[in-house]
A.B. asks: 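Before I ask anything, let me first share the structure, which is written out below as structure tokens.
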Amino acid sequence: MTEIFEKIHRGSNSDSQNQYPSSSSDPSFKISLSSTPSVSVETAEAKGTTEYENQNVSAGYDPVLLPDRLKNVYEEITTQVKQTEKTKDSEEQPDHSRKNTTEATASTSADIKSEHLEPQIDTLKTPPSKHCQLNRIVHEQHEPMTSNQILGRLVVRLRQGRNLLISNMHAEPYAVINYDRTEVVTPSPKKVSENGMGISIPSKSRPVNETFPVSPSLVQSELMFAEARAPRWDFETVFDVINPESAISVSVYDRMNDDMFLGSVKVVPVLLNEYLNENWYKLEPFDLSQPFEGEINVQTIFEQSKITRYGPEDFSVLRLIGRGTFGHVYLVRKKDTNRIYAMKKISKKLIVKKKEVTHTIGERNILVRTSLHESPFIVGLKFSFQTASDLYLITDYMSGGELFWHLQHEGRFREDRAKFYIAELVLALEHLHKHDIIYRDLKPENILLDASGHIALCDFGLSKANLSSEDTTNTFCGTTEYLAPEILLDDKGYTKQVDFWSLGVLVFEMCCGWSPFYAPDVQQMYRNIAFGKVRFPKGVLSHEARSFVRGLLNRNPRHRIGATADAEELKAHPFFDDINWTLLEKKKLPPPFKPHVQSDLDVSNFDQEFTNTNVRNVNLDSSHDSVNGSTPLSNTIQDRFKGFTFTDKSLEERFEDVNIGEFHENDRPKVNDSVSNEKNRFDKDDPVADSVFGETFEG
Ligand SMILES: Nc1ncnc2c1ncn2[C@@H]1O[C@H](COP(=O)(O)OP(=O)(O)OP(=O)(O)O)[C@@H](O)[C@H]1O
């Protein structure tokens with residue numbers, strides 16, 4: 001058994017310690033994925049039995065097609081799986097923790113452990129560049145990167161509301177204003193009555209009954225109710241106008257009643273210099289069949305801009321909100337508009353040292369592409385620029401935080417909540433795949449929530465562009481827990497289907513609270529992905545959800561859901577029967593959970609480990625670059641950042657075209673070691689501690 005993984009990871013030549021396996025070193029080390037139906041497994045529940053024995057353990061690999069040497073190993077594994085499983089009484093087994101699940105899914109490993117596996121993760125992390133397909137796509141399908149200019153500033157004033165459909169006098173209506181994916185959360189309305197200024201708008205629908213004496217407190221309540229129905233915000237905010245097509249959306253919620261949705265409006269701004277537009281807009285419900293009332297008064301003024309370029313000096317750092325491998329992510333304020341953004345600052349030296357230049361340039365270019373195509377579920381890039389030492393990406397601030405953070409705090413999500421996120425992710429992946437982009441790093445850490453609770457994908461550092469439907473790629477990258485088996489095993493390469501495998505892992509993880517292939521050691525995790533069984537906890541996932549997960553976690557990518565019609569196939573699965581895709585795409589389906597966000601400066605949904613960090617000494621001044629004492633990067637190296645185009649003035653260069661997807665020979669593919677990424681996610685009590693495993697299947 002050890003042998004198989006040594007083969008898989010190193011190739012047959014055991015001397016080649018740092019060799020990623022390749023067909024040239026040992027053609028037999030890969031397992032053919034060319035045929036084999038997926039496994040059909042009845043659930044133990046369905047059978048009314050206590051066992052979840054496999055009906056068929058071929059798991060997407062046809063033993064007939066396996067090389068002889070692997071066949072024995074394969075048979076050994078499947079026999080062990082069967083034997084181990086037979087000894088277990090699934091219904092009685094109090095096996096609920098992540099660790100236990102791992103042991104269960106890795107039930108073939110009893111003897112593997114005793115065989116002393118050498119740690120091989122480094123080998124996997126450092127495949128030679130020949131394993132990567134080079135330059136195949138460099139000159140194809142270039143996106144014309146229109147050099148959008150910053151058109152100006154859009155001042156938006158939310159003045160007041162009237163006749164809002166609040167449920168009681170304590171209501172505190174507030175709004176989430178969204179323009180070109182930038183979000184602003186207004187404070188609660190001004191309390192006019194408390195200032196003794198009186199209330200002037202009685203509610204028609206609640207006339208005071210004059211035939212009875214009215215106690216002062218009742219009058220007071222009526223006044224408070226009337227005031228809450230007609231909130232006065234007088235709130236002003238300024239947006240950067242980049243895309244002239246964008247409309248403003250204003251959604252109103254009640255802060256005191258569980259962020260109850262009170263309606264939303266869409267306002268198309270008039271982009272004529274200094275033009276003031278003011279109107280009362282009727283609030284619309286998410287669901288048009290619902291009775292609805294209320295209006296809000298919105299003013300817009302456009303001011304044409306003379307400045308077209310920005311640099312780091314134009315931003316003030318407010319908080320640290322995240323730390324990545326190559327730099328930090330800050331909450332920043334753009335000085336001229338006071339607009340709040342997220343700024344990712346990436347050290348050039350570090351990415352050169354770690355040979356990640358291409359991935360980083362690729363990330364920026366994919367963000368440019370997706371920004372131009374207005375994908376609602378992908379974080380919006382606003383500016384990118386560079387200095388001599390750093391690269392900067394300015395994106396919309398997603399104040400709801402990482403999905404990871406919420407999952408960590410809540411343990412797991414109800415299926416309908418998970419379904420909502422998964423459905424929005426399907427649309428995000430559909431968008432990427434349609435634009436020939438493969439995402440490759442789907443995981444809760446890279447899924448952010450906006451203030452309303454919609455998702456936005458971030459971190460395109462591992463994505464690859466210009467990969468059409470049939471194209472394959474070979475780069476070994478991703479985060480271990482979410483890696484598709486063909487990335488590990490198939491040297492013919494893999495396709496966009498790997499994103500759907502990761503999506504299957506995510507559905508499972510969101511609903512069950514642990515990752516289906518997790519193991520404390522990475523080698524074991526690879527084994528679980530390649531051969532392990534997935535065990536559904538009993539009673540947690542609906543029949544449709546299990547079928548969806550099974551369909552996505554099919555080890556044969558050609559039989560996986562999505563293999564023939566990409567996301568359309570996923571959308572048609574019964575799991576999504578109650579999803580209205582048209583409304584979802586327009587963000588008109590109310591999110592099942594609204595993050596608690598007090599204002600657009602709120603960082604309470606981010607880890608305090610970051611947000612409590614002192615950022616007073618963070619220096620964004622590019623003039624600092626030349627005097628910071630470290631050796632400057634050579635011109636040749638600076639040339640590699642041409643996509644960001646360094647200028648002496650350190651000014652911003654937005655949306656400039658560069659080669660997308662080019663793989664530089666020195667650039668090393670990347671694996672996020674999910675073990676180190678684990679943080680304390682599963683330190684909490686296991687959320688499904690009382691559940692019993694009900695079903696096992698193999699993809
Ligand atoms: N637009 C944003 N709004 C809010 N938070 C953000 C935003 N962009 C990034 N973050 C936060 O910063 C974290 C790190 O960002 P990102 O994943 O892009 O960095 P990275 O260097 O690529 O990370 P990694 O090393 O994990 O690949 C995110 O997980 C998220 O918590």
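What you are looking at is a predicted structure, and each value in this text was computed from that prediction instead of being measured. Ligands are counted one by one from 1 in listed order, and the atoms in each one are counted from 1 as well. Just the heavy atoms: all of them, side chains too, but no hydrogens, waters or symmetry mates, feed the values below. Throughout, numbering of the chain's residues begins at 1 and tracks the sequence.
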A.B. asks: Identify, by atom number and element, the atoms of ligand 1 in contact range of Lys344, meaning under 4.0 Å from any of its heavy atoms.
C.D. replies: 16 (P), 18 (O), 19 (O), 20 (P), 21 (O), 22 (O)
A.B. asks: Which of the atoms in ligand 1, numbered in the order shown and given with their element, are less than 4.0 Å from a heavy-atom of Asn446?
C.D. replies: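 That gives atoms 17 (O) of ligand 1.
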A.B. asks: State the atoms of ligand 1, each with its element, that fall below the 4.0 Å cut-off from a heavy-atom position in Ile321.
C.D. replies: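 Within the 4.0 Å cut-off of Ile321, ligand 1 contributes 4 (C), 5 (N).
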A.B. asks: Please determine if Arg417 forms a cation-pi arrangement with Phe420, meaning its NZ or CZ atom is less than 6.0 Å from the six-membered ring centre and no more than 45° off the ring axis.
C.D. replies: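 No, Arg417 does not sit over the ring of Phe420.
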A.B. asks: Taking distance alone, with N or O pairs closer than 3.5 Å, would you say Arg323 contacts ligand 1?
C.D. replies: no
A.B. asks: Compute both the distance and the angle, then confirm whether Lys382 meets the cation-pi test with Tyr341: under 6.0 Å from the six-membered ring centre, within 45 degrees of the axis.
C.D. replies: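 No.
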A.B. asks: Is Arg319 positioned over the aromatic face of Phe610, cation under 6.0 angstrom from the ring centre and no more than 45 degrees off axis?
C.D. replies: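 No.
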A.B. asks: Show me which atoms of ligand 1 lie under 4.0 Å from any heavy atom of Asp396.
C.D. replies: 1 (N), 2 (C), 3 (N)
A.B. asks: Go through ligand 1 atom by atom and flag the ones less than 4.0 Å from a non-hydrogen atom of Val379.
C.D. replies: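 Contacts of ligand 1 toward Val379, numbered from 1: 1 (N).
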A.B. asks: Heavy-atom distances under 4.0 Å are what count here, so tell me which part of Glu402 touches ligand 1: side chain, backbone, both or neither.
C.D. replies: side chain
A.B. asks: Look at the rings of Phe239 and Tyr179 and say which category their plane angle falls in: under 30° parallel, 30 to 60° tilted, over 60° perpendicular.
C.D. replies: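 Rings of Phe239 and Tyr179: tilted, 30 to 60°.
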A.B. asks: For Phe517, which of Phe508, Trp501, Tyr526 qualifies under ring-ring contact (aromatic ring centres under 6.0 Å, His included)?
C.D. replies: Trp501
A.B. asks: Taking it one step at a time, do His406 and Phe593 satisfy ring pair (Phe, Tyr, Trp, His ring centres under 6.0 Å)?
C.D. replies: CA-CA 10 Å; His406 295 279; Phe593 162 81; 5.2 Å; yes
A.B. asks: Could you check which of Gly322, Pro444, Cys458 puts a non-hydrogen atom nearest to atom 13 (C) of ligand 1?
C.D. replies: Gly322
A.B. asks: With heavy atoms of Ala342 as the reference, note each atom of ligand 1 found under 4.0 Å away.
C.D. replies: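 Close to Ala342: 1 (N), 2 (C), 3 (N), 7 (C).
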A.B. asks: Show which atoms of ligand 1 fall inside a sub-4.0 Å distance from at least one heavy-atom site of Phe606.
C.D. replies: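 Heavy-atom distances to Phe606 below 4.0 Å select 4 (C), 5 (N), 31 (O).
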A.B. asks: Got a salt bridge between Asp336 and Arg153, using NZ or NE/NH1/NH2 to carboxylate O under 4.0 Å?
C.D. replies: no
A.B. asks: What orientation do His435 and His431 show, parallel under 30°, tilted 30 to 60°, or perpendicular over 60°?
C.D. replies: tilted
A.B. asks: Does ligand 1 have any atom sitting under 4.0 Å from a heavy atom of Tyr341?
C.D. replies: no
A.B. asks: Closest heavy-atom contact between Pro557 and Glu486?
C.D. replies: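 Taking every non-hydrogen atom into account, CB-OE2, 3.5 Å.
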A.B. asks: In terms of atom number and element, which parts of ligand 1 are under 4.0 angstrom from non-hydrogen atoms of Glu445?
C.D. replies: 29 (O)
A.B. asks: Kindly confirm or rule out an N or O of Lys443 lying under 3.5 angstrom from an N or O of ligand 1.
C.D. replies: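 For ligand 1, there is no N or O atom that lies under 3.5 Å from one belonging to Lys443.
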